[in-house]
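Any value given below was found using the heavy atoms of this structure, including those in side chains, with hydrogens, waters and symmetry copies removed.
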Amino acid sequence: MTAYIVRRILYAIPILVGVNLVTFVLFFVVNTPDDMARLALGAKRVTPEAIEKWKIERGYDKPLLVNTAAAGGRALTDTVFFEKSVRLFVFDFGNADDGRNIGHEIRTRMWPSLALAVPVLLVGLAVNITFAMSLAFFRATPYDFWGVVLCVAMMSISTLFYIIGGQYLVSKLWSLVPISGYAGGVDAVRFLALPVVIGVVGGIGGASRWYRTIFLEEIGKDYVRTARAKGLSEVAVLFGHVLRNALIPILTGVVVVIPLLFMGSLVTESFFGIPGLGSYTIDAIQAQDFAVVRSMVFLGSVLYIAGLLLTDISYTLVDPRVRFE
């Protein structure tokens with residue numbers, strides 16, 4: 001088991017290097033440091049001296065990948081890529097182009113993101129599994145038919161519809177909760193209630209339909225027929241056997257997203273004005289702040305790989321047949 005984990009961690013290193021390099025190249029194909037300086041200075045016509053000063057202050061005056069003017073190892077280390085991207089592997093995120101410390105912003109903004117994402121995950125998981133099991137219990141009935149129709153219809157509706165409709169109905173017409181914004185402490189409940197409900201409702205269609213398929217596949221297996229032959233009720237079969245054996249595919253979808261909860265929701269946080277990592281990333285993309293974008297992409301890659309590793313480890317806990325040599 002230990003050897004497997006170490007091997008997976010070693011496999012992650014070239015993946016992270018590749019992601020880092022691709023992000024770096026793509027960003028500077030779109031914008032050169034001179035373009036970034038002109039955008040940041042906010043003027044149509046700026047002097048070359050002002051552009052050069054901006055680049056020097058932020059470390060963009062060096063060559064991008066290879067410094068042919070430097071000797072030895074400095075040809076690779078005295079570059080924008082090494083200064084801005086390689087340091088990420090020790091989680092030194094540096095400063096954004098506006099001068100703010102990215103590490104501090106991440107540590108501050110991850111809490112609003114978690115306050116939104118964790119309830120959506122937990123409540124959504126409970127609602128989706130319960131609804132899917134009820135569809136499986138009443139399979140081949142009108143309830144099951146119209147439940148599937150409802151799931152397909154909800155899958156076809158954009159998340160933006162739920163957000164805009166919820167803000168208009170609940171916040172503007174009924175004035176039950178603020179339409180946007182955020183506050184710390186207990187007051188956060190008022191601002192997070194609507195985004196959490198929308199996050200749960202928006203995920204019911206796809207998740208419930210997927211869980212229903214898993215449960216129906218398990219119901220048709222031999223061990224279920226054996227349990228029924230022993231006289232167990234349908235409820236006991238569903239909760240005592242089917243649900244337990246369906247945990248592996250469910251864990252695949254749940255455990256892998258747990259580390260990504262830190263990244264927040266890009267769309268939801270932006271529309272509701274929640275100062276999380278999702279809105280932070282959107283703002284950085286709009287401002288073309290490469291320092292923040294590459295930090296968030298790298299952090300997302302690390303968390304996703306960690307989620308895959310957690311998924312593999314969790315298999316051994318729910319299925320004794322799975323063992324890593």
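- Judged by distance alone, with hydrogens and angles left aside, the side-chain atoms of Asn128 form a donor-acceptor pair with the main-chain N or O of Gly124 at under 3.5 Å.
- Within the structure, every pair that satisfies the ring-ring contact (aromatic ring centres under 6.0 Å, His included) test and touches residues 50-70, not counting sequence neighbours, is listed here: Trp54-Tyr60.
- Linking Ile, Leu, Val, Met, Phe, Trp and Tyr whenever their side-chain heavy atoms come within less than 4.5 Å leaves Val189 and Val120 in two separate clusters.
- The salt bridge (Lys or Arg N to Asp or Glu O under 4.0 Å) check on Asp187 picks up nothing, with sequence neighbours excluded.
- With sequence neighbours excluded, the residues satisfying salt bridge (Lys or Arg N to Asp or Glu O under 4.0 Å) with Glu234 are Arg139, Arg228.
- Applying the side-chain hydrogen bond (donor to acceptor under 3.5 Å, both in side chains) definition to pairs two or more places apart or across chains, none involves residues 152-179.
- Sorted by first and then second residue, the side-chain hydrogen bond (donor to acceptor under 3.5 Å, both in side chains) pairs involving residues 272-284 (not counting sequence neighbours) form an empty list.
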Please table the atom pairs, donor to acceptor, closer than 3.5 Å between any side-chain atom in residues 197-207 and protein atoms at least two apart or in another chain.
none

Open item on the list: Under the criterion side chain to side chain contact (heavy atoms under 4.5 Å, CB included), I'd like the reasoning laid out for Leu16 against Asn20: C-alpha separation, chi angles, the key distance, then a yes or no.
Closed with: CA-CA 6 Å; Leu16 292 176; Asn20 219 339; over 6 Å; no

Task: side chain to side chain contact (heavy atoms under 4.5 Å, CB included) between Tyr11 and Ile305, worked out - done: CA-CA 10 Å; Tyr11 288 161; Ile305 292 172; over 6 Å; no

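- Side-chain N or O atoms of Arg244 include none that pairs as donor or acceptor with a backbone N or O of His241 at under 3.5 Å.
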Open item on the list: Go through it in stages, so that I can follow the logic: the residues are Asn95 and Arg100, the test is side chain to side chain contact (heavy atoms under 4.5 Å, CB included), and I'd like the CA-CA distance, side-chain angles, deciding distance and then a yes or no.
Closed with: CA-CA 5 Å; Asn95 294 327; Arg100 291 180 294 179; over 6 Å; no

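- Annotation: Trp210, atom CH2; neighbour count of heavy atoms from other residues, nucleotides and ligands within 6.0 Å is above 12.
- Here Asp34 pairs with Lys55 under the salt bridge (Lys or Arg N to Asp or Glu O under 4.0 Å) rule; sequence neighbours left out.
- In this structure, Tyr211 is not a member of the same hydrophobic cluster as Met155, with clusters built from ILVMFWY side-chain heavy atoms closer than 4.5 Å.
- When all heavy atoms of Pro275 and Pro112 are compared, the pair lying nearest together is O-CG, 3.7 Å.
- Here the closest non-hydrogen pair linking Phe131 and Ser208 is CD2-OG, 3.5 Å.
- No more than 12 heavy atoms of other residues, nucleotides or ligands shown are found within 6.0 angstrom of CZ on Phe161.
- At least one donor-acceptor pair closer than 3.5 Å links the side chain of Asp144 to the backbone N or O of Ala140.
- Scanning both residues, Ala96 and Val292, for their nearest heavy atoms gives CB-CG2, 3.6 Å.
- Looking only at distances, a side-chain donor or acceptor of Ser113 sits under 3.5 Å from a matching main-chain atom of Leu277.
- Applying the side-chain hydrogen bond (donor to acceptor under 3.5 Å, both in side chains) criterion to Ser295, with sequence neighbours excluded, gives no partner residue.
- Annotation: salt bridge (Lys or Arg N to Asp or Glu O under 4.0 Å) contacts of Lys221 (sequence neighbours excluded): Glu218.
- Residues meeting the side chain to side chain contact (heavy atoms under 4.5 Å, CB included) test with Thr108, sequence neighbours left out: His104.
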Open item on the list: What verdict does the side chain to side chain contact (heavy atoms under 4.5 Å, CB included) test give for Leu160 and Phe271, after you've listed the backbone C-alpha separation in whole Å, the side-chain angles of each residue and the deciding distance to 0.1 Å?
Closed with: CA-CA 9 Å; Leu160 293 177; Phe271 270 84; 3.4 Å; yes

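- Within the structure, the ring-ring contact (aromatic ring centres under 6.0 Å, His included) test picks out the following pairs touching residues 132-156 (sequence neighbours left out): Phe138-Tyr143.
- The hydrophobic cluster containing Ile106 does not contain Val90, counting ILVMFWY residues as joined when their side-chain heavy atoms lie under 4.5 angstrom apart, directly or transitively.
- Hydrophobic cluster membership is shared by Val177 and Leu173, with clusters built from Ile, Leu, Val, Met, Phe, Trp and Tyr side chains linked at under 4.5 angstrom.
- The closest side-chain heavy-atom distance from Thr47 to Ile51 is not below 4.5 Å.
- When all heavy atoms are compared, the tightest approach of Arg87 to Gly94 is NH2-CA, 3.8 Å.
- Phe191 and Val196 end up in different hydrophobic clusters when Ile, Leu, Val, Met, Phe, Trp and Tyr side chains are linked at under 4.5 Å.
- For residues 70-103, the set of pairs meeting the ring-ring contact (aromatic ring centres under 6.0 Å, His included) definition, not counting sequence neighbours, comprises Phe24-Phe81, Phe89-Phe298.
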